[in-house]
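The figures that follow rest on heavy atoms only: side chains count, while hydrogens, waters and symmetry mates do not. Counting starts at 1 for both ligands and their atoms, in listed order.
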Amino acid sequence: MKKQHIETTCVQGGYRPGNGEPRQLPIVQSTTFKYDTGEDMAKLFDLEANGYFYSRLQNPTNDAVAAKICELEGGSAAMLTSSGQAANFYAVFNIATCGDHVIASSAIYGGTYNLFAVTMKKMGVDFTFVAPDCSEEELDAAFRPNTKAVFGETIANPALRVLDIEKFASAAHRHGVPLIVDNTFATPVNCRPFEWGADIVTHSTTKYMDGHGCGVGGCIVDSGKFDWSRYPDRFPGLCTPDDSYHGVVYVQKFGVGGAFITKATAQLMRDFGSIQSPQNAFLLNLGLESLHVRMQRHCENAMAVAEFLAKDDRVSWVTYCGLPTDRDHALAQKYLPNGSCGVVSFGVKGGRKAAEAFMRNLKIAAIETHVADARSCCLHPASTTHRQMNDDELIAAGVSPDLIRLSCGLESKEDLIDDIDRALGAV
Ligand SMILES: *Cc1c(COP(=O)(O)O)cnc(C)c1O
């Protein structure tokens with residue numbers, strides 16, 4: 001069979017029912033699973049057999065949805081988490097612990113910045129933040145002997161910088177560490193980072209994948225391409241015996257393609273327990289079934305809004321990588337040829353006060369701490385999601401104090417533009 005198109009995987013991937021089984025993905029609303037003998041269950045506890053015993057570790061509904069996202073990204077294994085925050089924490093902490101160092105692009109989501117720069121720092125993991133457009137030399141200079149990973153976002157939330165995935169991947173690989181890419185805003189419909197050299201992909205499925213604002217969730221996907229066993233001293237967690245599982249060595253037992261996700265499930269999910277509820281996984285799967293159709297419309301609406309804003313002299317600047325004038329347009333043409341995302345950021349003349357007045361006057365787009373929803377919404381990050389940052393950190397993250405993040409939903413683009421036009425008039 002020819003390689004299946006992504007549209008078909010969105011609809012049909014993951015769950016493949018057998019004869020007489022439910023057509024729609026069943027919600028396995030059960031915390032636990034029954035076994036005839038203690039020995040049967042013991043094998044599961046020892047990672048000797050595949051199966052379910054407790055939904056904190058694995059659940060069939062979640063696994064089917066993770067399998068669909070894995071197929072969409074072209075990975076070897078995947079797991080769902082309770083949130084995007086949990087996904088990014090697990091993806092990094094699975095290989096970088098106390099005494100280790102990680103390099104991250106400075107243009108990342110505020111919550112991820114906080115997780116890295118504050119909370120994980122307290123846990124003893126050190127981060128160096130580099131500008132997304134830094135030179136190869138600057139990137140090389142950020143590495144230390146204890147560096148374990150490089151991290152970036154395909155399209156940064158809310159700065160909308162496009163990551164040069166090949167540049168970051170080749171730097172990571174020159175230094176023998178994986179590149180982790182948060183692909184939330186692009187989704188695999190618009191970019192598959194593994195095709196450009198990324199090793200691990202994470203998602204906040206809360207955004208476009210769900211797409212209807214109904215469930216917070218996350219996902220981690222492994223490409224299966226990073227060979228941990230080449231660097232046993234750098235990745236002892238994957239390459240040396242795990243005492244909590246009778247000395248299992250993850251790369252030996254589960255191979256290059258299975259080690260990362262098995263370890264994250266067996267250790268991190270077991271101990272931290274940030275599992276997604278099967279009910280939410282079901283809702284996420286409904287969202288995934290139309291992801292390809294929705295992404296196209298989100299991008300079309302955002303492009304129309306960005307073009308309108310770029311021409312309007314009440315607007316001081318617009319960032320949308322689809323615009324030919326955008327500083328990341330060339331990167332977008334390379335990595336996001338079919339469209340980027342539905343989020344546009346811009347400044348209104350008059351700064352912070354004007355931004356607030358503009359947002360108050362919008363009738364369609366509501367003020368929300370959310371993006372990537374079917375309903376348009378907007379936010380002023382400097383006073384909300386990024387308020388813990390000082391002005392220097394804001395500028396490094398690509399978030400100017402007047403930045404408005406507008407997430408274009410699936411409404412009519414004419415109506416969205418009318419609404420924006422009227423609200424700009426009311427400022
Ligand atoms: C929202 C978001 C997150 C955090 O995800 P939650 O599901 O809210 O925990 C991480 N990364 C990016 C790029 C996001 O947009």
Any nitrogen or oxygen of [X], main chain or side chain, under 3.5 Å from a nitrogen or oxygen of ligand 1?
{"X": "Thr206", "value": "yes"}
{"X": "Tyr109", "value": "no"}
{"X": "Gly84", "value": "yes"}

What atoms of ligand 1 come closer than 4.0 angstrom to any heavy atom of [X]?
{"X": "Phe185", "answer": "15 (O)"}
{"X": "Glu153", "answer": "13 (C)"}
{"X": "Thr184", "answer": "12 (C), 13 (C), 15 (O)"}
{"X": "Gln85", "answer": "4 (C), 5 (O), 6 (P), 9 (O)"}
{"X": "Asn157", "answer": "14 (C), 15 (O)"}

Measuring from non-hydrogen atoms of Gly217 to any atom of ligand 1, is the shortest distance under 4.0 Å?
yes

Take Arg375 and Glu411, measure what salt bridge (Lys or Arg N to Asp or Glu O under 4.0 Å) needs, and give me the verdict at the end.
CA-CA 7 Å; Arg375 289 147 291 226; Glu411 302 92 345; over 6 Å; no

Regarding [X] and [Y], does a basic nitrogen lie under 4.0 Å from an acidic carboxylate oxygen?
{"X": "Asp373", "Y": "Lys207", "result": "no"}
{"X": "Lys349", "Y": "Asp402", "result": "no"}
{"X": "Asp328", "Y": "Arg161", "result": "yes"}
{"X": "Arg192", "Y": "Glu195", "result": "yes"}
{"X": "Glu136", "Y": "Lys167", "result": "no"}

If you compare all heavy atoms of Arg16 against all heavy atoms of Glu71, which two are closest, and at what distance to 0.1 Å?
NH2-OE1, 2.9 Å

Name the closest protein heavy atom to atom 2 (C) of ligand 1, giving the residue it belongs to and the distance to 0.1 Å.
Lys207 NZ, 2.5 Å

Looking at atom 12 (C) of ligand 1, what's its closest protein heavy atom, distance included?
Asp182 OD2, 3.4 Å

Return the CG to NE2 distance between Leu284 and His203, rounded to the nearest 0.5 Å.
10.5 Å

